[in-house]
Amino acid sequence: MKKPKIAFILVITAVVVSGLLFSFYVKSKFSSIKSLKASIEELQKISRVAIEKDTGEIKNLKELFPEAGNVTGFIENAYRISKLRGIKNLTFEQKSREFIDLGSGKILKAMPVSGQKPGVIYSYPVKISFNSNYRNMAEFIREIQNQDRLATIESLMAKRDNEYLSVEMVVNIYSTEGR
Amino acid sequence: MNSLNIDFRDGCLRILVVKDGSVRYSKLVKDFSLTDLKSAKEKLASEIKEAGGKKGKVNIILPSDIVNHKAFQIPAMEFEDAKIFIRRELSKELKGQKFSYGIRRLLTQKKAKTGGQDILTEYVLADDSAKYLDLLKGCGIRPDIITTSLEGNIHVFNRFRPETDGNEAVLDIGMNLIEIAVFNNGRLLEYEKLSMPSVHDEKFESKEFPAEQTDKIRIYRIIDTLYNFIMASGKDSPEEKLSLLWICGLGSIAEGITDSISDGLGINCRLINPFDTEVENGSAFTALKGVSAISKTEQFINLIPEDVLAARTKLLRRVLLAASLSFYIILLTGGYAILNRTEQELKIVYEKVKSDQAVRFSKHKTDDTYSTGQDTFAKIVLSNRGIYSIFRDIANMTPPGVILNSIQVEKVHDVTNLKINATIKYSDENFKNAVLSKFLTSLDRSSSLKRTSSPEISIIHSAAKQKEISEISVKATYEVVR
């Protein structure tokens, strides 16, 4: 009569103890799972934000600094604008391209010799000479600078020449690939 | 719910199979006795097999000759206390023999008034019931309920006749016994077992008579037995007079018995048919039908020996404990496995997301020109100055009298410089000073320009120029700031 009672008490004790241990185990696992889930969500959120940010910024950059050089396209566009603005004696002179180091931002005259893909962007200086009045010159420059593609005016010299201004300027356009 | 119901009374075997309250099978097997245990077992097994085997619960009615009954008059007390009291009394009477028993109250108004109670006890000796338990065990059957015909008859009668017209009696007529149960509006008032001499036991004529004559003799004996009981118990008195007799049992299937009893005793007599559908010799299965309807939640007399019940309970407890422990262990193991697996999977996902992100960032750093050179791109964009606004400001700020000779824009180390070369022709010194001052002040006030050095002002000497008109040259240098 006594033996089954002891066995029963032992079983109940084992059940209670194992239940308690298991509840601790469950609690620790739940907290671990919860923190893992939170970490994953955080990482995914960071990735998502970074992707969104990158996508927006890179889209803008791609417009300002296209992959292809396409200097001809720029000249054609400038020529079209000059016609609209009454620019006279327009000439273009394409100078040799330069390289801008992506890391330092320095202008290099020659492509760096490296086994890896070079970390440079390409700069194409274009000398533009023309005659026009003051207003048309200003409008012409405005429209050239208002294009999607970035055109930086490196130098400009406007001189009075009889009734017109004689203008010479160097405009830089950029690309990320050397083609 | 299915049930297999077996009645061992009257040297017969009555088998009734009920499914959801409807009779599926009924059979009356005559000449069944335990004299030859082996053949009895074979016969029972074959009959059970024919009935469709054991499906659902099994209910048994023990033979009337091994079930004893005794009425006790005891003081009013709780039912459970009364049961203990009766057990003690029976133990004394049976002198240590093992027995199983059950009690029920006889609801007599007389006793209720005096503060006592009549208790009807039915009991069976363990040795007697063991024979039937062994027999059933041999056929692979473990009964759920072992009870008496009275239990079944009470169930049937109270169900179809809950309200009686005064006192009504149920007569379960067997081969050698008549069980009389008297009811009044659902209450059991009295129960008696009346012995009746068997027709075949008599020495005289019976064997020579044809079957019809034997039936008639049996009916006369029944009437005679009942008459003697009524007269002896005072049932002919106005208070205890029986208004209606209901007959059932094996003896009730004799033709013309109800009319004979009615005529013989002067009390209306009817045959009990407990079935909704046509069942052959239906009244003989009355008690069995009642037993089949017993639910375990109801109070009823179960004559399964206590040690058998205890063994079952013990087994059930052990099975339950084992099942609970198994379930508990499965729960623990399953929980452990699921949680571990979930954690491992999440760790894998976490590592994957982390490595994907690292790969993506390193790819950005190494492969993607736009991502790598963002600082340089920004520097180029920020160093670009909108020249149009400068020209607009110069046009607006240059007062009349100032002639712009040249405008030079030059970018040196990301700084855009503006050089203006202008001349002012004048004849009046004040005019010159005013124009010069206005010109330089306007340029200085421009938010786009920041003067980097003092303007160079020089007088231009020319031989050809008119004496009245002088000319000065103004050179100014600015940094384009916006």
For this session: Would you indicate whether the side-chain heavy atoms of A/Y25 and B/N340 approach each other to under 4.5 Å?
Result: yes

Exercise. So which part of A/I107 gets closer than 4.5 Å to some heavy atom of chain B, the side chain, the backbone, both or neither?
Worked result: neither

Problem set entry | Proximity breakdown for A/S18 and chain B, heavy-atom pairs closer than 4.5 Å | both

For this session: Could you verify whether a donor N or O on one side chain and an acceptor N or O on the other, from A/E67 and A/T176, lie under 3.5 Å apart?
Result: no

Problem set entry | Evaluation steps, side chain to side chain contact (heavy atoms under 4.5 Å, CB included), between A/F65 and A/L150 | CA-CA 7 Å; A/F65 301 87; A/L150 182 70; 3.6 Å; yes

Exercise. In terms of heavy-atom proximity below 4.5 Å to chain B, should A/L165 be classed as side chain, backbone, both, or neither?
Worked result: neither

Exercise. Side-chain contact, heavy-atom cut-off 4.5 Å: A/K37 with B/L346?
Worked result: yes

For this session: Let me know if A/V26 has heavy atoms under 4.5 Å from chain B in its side chain, its backbone, both or neither.
Result: both

Exercise. So, are B/R87 and B/E306 salt-bridged, with charged N and O less than 4.0 Å apart?
Worked result: yes

Exercise. Between B/D428 and B/K432, is there a side-chain N and carboxylate O pair less than 4.0 Å apart?
Worked result: no

For this session: Using non-hydrogen atoms and a 4.5 Å limit, figure out which bit of A/K29 sits close to chain B: side chain, backbone, both or neither.
Result: side chain

For this session: Heavy-atom distances under 4.5 Å only: say whether A/Q145 touches chain B with side chain, backbone, both or neither.
Result: side chain

For this session: Mind ranking B/L404, B/N384, B/L418 by heavy-atom pairs under 4.5 Å with chain A and telling me who comes out on top?
Result: B/N384

Exercise. Under a 4.5 Å heavy-atom cut-off, does chain B meet the side chain of A/I141, its backbone, both or neither?
Worked result: side chain

For this session: With ring pair (Phe, Tyr, Trp, His ring centres under 6.0 Å) as the test, would you mind laying out the steps for A/Y124 and A/Y174 before giving the verdict?
Result: CA-CA 6 Å; A/Y124 303 91; A/Y174 305 87; 8.5 Å; no

Exercise. In terms of heavy-atom proximity below 4.5 Å to chain B, should A/I40 be classed as side chain, backbone, both, or neither?
Worked result: both

For this session: Specify which of A/S155, A/A14, A/S123 makes the most heavy-atom pairs with chain B at under 4.5 Å.
Result: A/S155

Exercise. Any salt bridge between B/K296 and B/D144, counting N to O under 4.0 Å?
Worked result: yes

For this session: Look at A/K159, A/E154, A/E168 and state which one has the largest set of heavy-atom pairs under 4.5 Å with chain B.
Result: A/E154

Seminar exercise, completed: CE of A/M157 to CD of B/Q408, rounded to nearest 0.5 Å, is 3.5 Å

For this session: Please report the closest heavy-atom contact between B/I390 and B/V480, naming both atoms and the distance.
Result: CD1-CG1, 3.5 Å

Problem set entry | Under 4.5 Å from any heavy atom of chain B - which part of A/V170 | neither

Seminar exercise, completed: Interface check, chain A: of B/L325, B/D375, B/I380, most non-hydrogen pairs under 4.5 Å belong to B/I380

For this session: Check whether A/E139 gets within reach of chain B through its side chain, its backbone, both or neither, counting any heavy atom under 4.5 Å.
Result: both

Problem set entry | Heavy-atom proximity to chain B below 4.5 Å, by part of A/M137 | side chain

For this session: Quick one: which of B/V349, B/L332, B/V353 has the most heavy-atom pairs under 4.5 Å with chain A, could you say?
Result: B/L332

